[in-house]
Amino acid sequence: MPKETITPRGKDYSQWYLDVIAQAELADYAPVRGCMVIRPTGYAIWERIQAGLDQRIKATGHSNAYFPLFIPWSFLMKEAEHVEGFEPEVAVVTRGGGEELAEPLVARPTSEAIIGHSFAKWIHSWRDLPLLINQWANVVRWEMRPRLFLRTTEFLWQEGHTAHATEADAEEETLRILNEVYFDFAEKEMALPVLKGRKTENEKFAGALRTYCIEAMMQDGRALQAGTSHNLGQNFARAFDIKYQNADNAEDYVWTTSWGVSTRLIGALIMAHSDDEGLVCPPRLAPIQVVVVPIYKGDAERPAVLEAIDRIVSAWDGRFRVKIDDRDQMTPGFKFNEWESKGVPVRVEVGPRDIEKGTVALARRDVPGKEGKQFVPQEGLADRIADLLHDIQQSLYQKALRFREDHTRDVTSYDELKEAIETGWARAYWAGTSEDEDRIQQETRATIRAIPFDQPDAAGKCILTGKETTQVVVFGKAY
RNA sequence: CGGGGUGUAGCGCAGCCCGGUAGCGCACUCGCUUUGGGAGCGAGUGGUCGCCGGUUCGAAUCCGGCCACCCCGACCA
């Protein structure tokens, strides 16, 4: 009889989300409002995310560096739109060394300002371009309404910052990151289907020319912005005086980009794949891919079972990330449930009967309970596990993709849109203004999540204004 | 910042209306028995009742003030 420790999704989605985090020991609340402690299990997932992204970021030619947490207040003020966007949410340090500071320092909400300052010093010639930098850092944004992983006052992320000689180069960079880093990572490693597109003026980054994004659908039909990539034009180059001499010996401003994904991805992971039993982690991302649970009665059987496990696991030759749960005080049933709630993709059970018959019990997390469990021969087990992990990865992706498709509707009227966004996304022709967009948000609480790259060939009528247009956008309620 | 809710053991709660010095479940510790889907029994440990003040012989309980956190909205990765 399972204990009711996780509120079912159908009953209270928000509570379910918090329960999964508590049960899987991903994070805790900190003593400061809006801040969280990322616990070892949650941090291990973040390290896997970091590894997958870092490798892709480096493969596309970027180098890691680190810039300071504190930014002079005046730096933030240099780019008008940027300061307007971030001013309300910056934390400011006014005292240090026991004295009032001459100039207040802000804890970075993002690092365009401080990095722009360095770029101006480093870049002199067209030969210095492109400059491709990434940093792994924490940032601080004073949030009105925090939510674990999705919106916390302090969060961890990577932020890429690059400078280019031409607008075309900057645009190419912005899109390369979206495609080769973010899209690829989300779909391949996280098994998370994401919609690629451009943000509207209303939704773009404060100070950017254009913002591109990947948007994911959560199991309640709401949208989560999973990553953004900005073409900053020459806005920051002008604000921070980042100039270079081109091949014709003339002085020109560089074109910059910035792009980031954060610990919010852990929230996406939870809400995309998990179920009422707890976390479901895709195998490629899972810190532990296979957990082995020994089954035995008393001290007499224990050594033989542990020996057998040792032999079986060493035959896998390090192919998987494995945890042997040899804790003697817990019953097997308890362990099954614990690892299930922590999202470990595959469980292997080895008991006296298995030793006798040369079998093991093999259970898959995406089919919880006894239904996902079968007894299989020890022979060829490693290949079987490899296949199973691969199959789970694919099936999680397919399931999430099917969910998104089932919850995305093409709509041709405002009424249809209102109905569609109650359960998911609405795809519609759109020729409205920023004000029209605001109005829709006020009336429906939905926003334009993206102008998808995938656009129709034929024209249609704007859902609000009735004007003929070829542009299709996707509406949804966002996290 | 608006609306709602909650603060009593590590967690979840009861006790408060009707004041008399704190209890239950889980967890934790020890022992024995257990172990293929959240083990059983027994014995224990653990609390300035969010904070400050007031009323009273006496406050978790009544009164006043404050604080914190969670949930739902406006702003955001």
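Just so it is clear, the structure is predicted and the values come from calculations on it, not from any experiment. First the proteins, then the strands, lettered A, B, ... as listed; each starts at 1.
Taking atom CD1 on I309(A) and atom P on rG36(B), their separation rounds to 14 Å, with Å as the unit. A straight line from CZ of R347(A) to P of rG36(B) spans 12 Å, rounded to a whole angstrom. In this entry the distance linking CD of Q374(A) with P of rG37(B) reads 17 Å, nearest Å. Rounded to whole Å, atom P of rU35(B) lies 11 Å from atom CD1 of I295(A). Rounded to whole angstrom, the span from the CD atom of E87(A) across to the P atom of rC75(B) amounts to 17 Å. Across the protein-nucleic acid pair, L306(A) atom CG and rU35(B) atom C1' stand 13 Å apart, rounded to whole Å. Per the geometry, CG belonging to N337(A) stands 6 Å off C1' belonging to rG37(B), to the nearest Å.
For a distance-only test at 3.5 Å, the side chain of E338(A) fails to qualify as a donor-acceptor partner of the base of rG38(B). For rC76(B), the base has no donor-acceptor partner in the side chain of R141(A) [N/O atoms by modelled type, under 3.5 angstrom].
Each of K204(A) and D328(A) was matched to the nucleotide of RNA chain B holding its nearest heavy atom; the match closer to the 5' end belongs to D328(A). In terms of position on RNA chain B, the residue among Y479(A) and Q23(A) whose nearest nucleotide sits closer to the 5' end is Q23(A).
Contacts of S14(A) classified as side chain to side chain donor-acceptor pair (under 3.5 Å), with partners at least two apart in sequence or in another chain: none. Residues that satisfy the side chain to side chain donor-acceptor pair (under 3.5 Å) test with Q23(A), not counting sequence neighbours, are absent from this structure.
Between T331(A) and rU35(B), a side-chain N or O to OP1/OP2 separation shorter than 4.0 Å is absent.
As judged by a 4.0 angstrom heavy-atom cut-off over every strand, K335(A) is placed among residues making no nucleic acid contact. Within the nucleic acid shown, G351(A) comes within 4.0 Å of at least one base atom, counting heavy atoms only. In this structure, F375(A) reaches the bases: a heavy-atom distance under 4.0 Å links it to at least one base atom across the strands shown.
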| task | Could you run through nucleotides 67-74 of chain B and give me one letter per nucleotide, 5' to 3': B if any protein heavy atom sits under 4.0 Å from the base, S if only the sugar-phosphate is that close, - if neither? | result | --SSSSBB

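With rounding to the nearest 0.5 angstrom, the CD atom of E349(A) is 11.0 Å from the NZ atom of K335(A).
For the pair K78(A) and F75(A), the cation sits on the ring face: its NZ or CZ lies under 6.0 Å from the ring centre, inside 45° of the axis.
Listed for the T174(A) side chain is a donor-acceptor partner under 3.5 Å among the backbone atoms of A170(A). In this structure, the side chain of E159(A) engages the main chain of S111(A) through a donor-acceptor pair within 3.5 Å.
The P atoms of rA39(B) and rC26(B) are separated by 12 Å, rounded to the nearest whole Å. Using atom C1' as the reference point in both rG54(B) and rC11(B), the two lie 34 Å apart (nearest Å). Taking the P atoms as reference points, rC16(B) lies 15 Å from rG23(B), given to the whole Å.
Using bins of under 30°, 30° to 60° and over 60° for the plane-to-plane angle, the ring pair H82(A)/F205(A) lands in the tilted bin.
There is no side-chain donor-acceptor pair under 3.5 Å between T447(A) and N202(A).
Here the nucleotide nearest the side chain of E349(A), chosen from rG36(B), rG38(B), rC76(B), is rG36(B).
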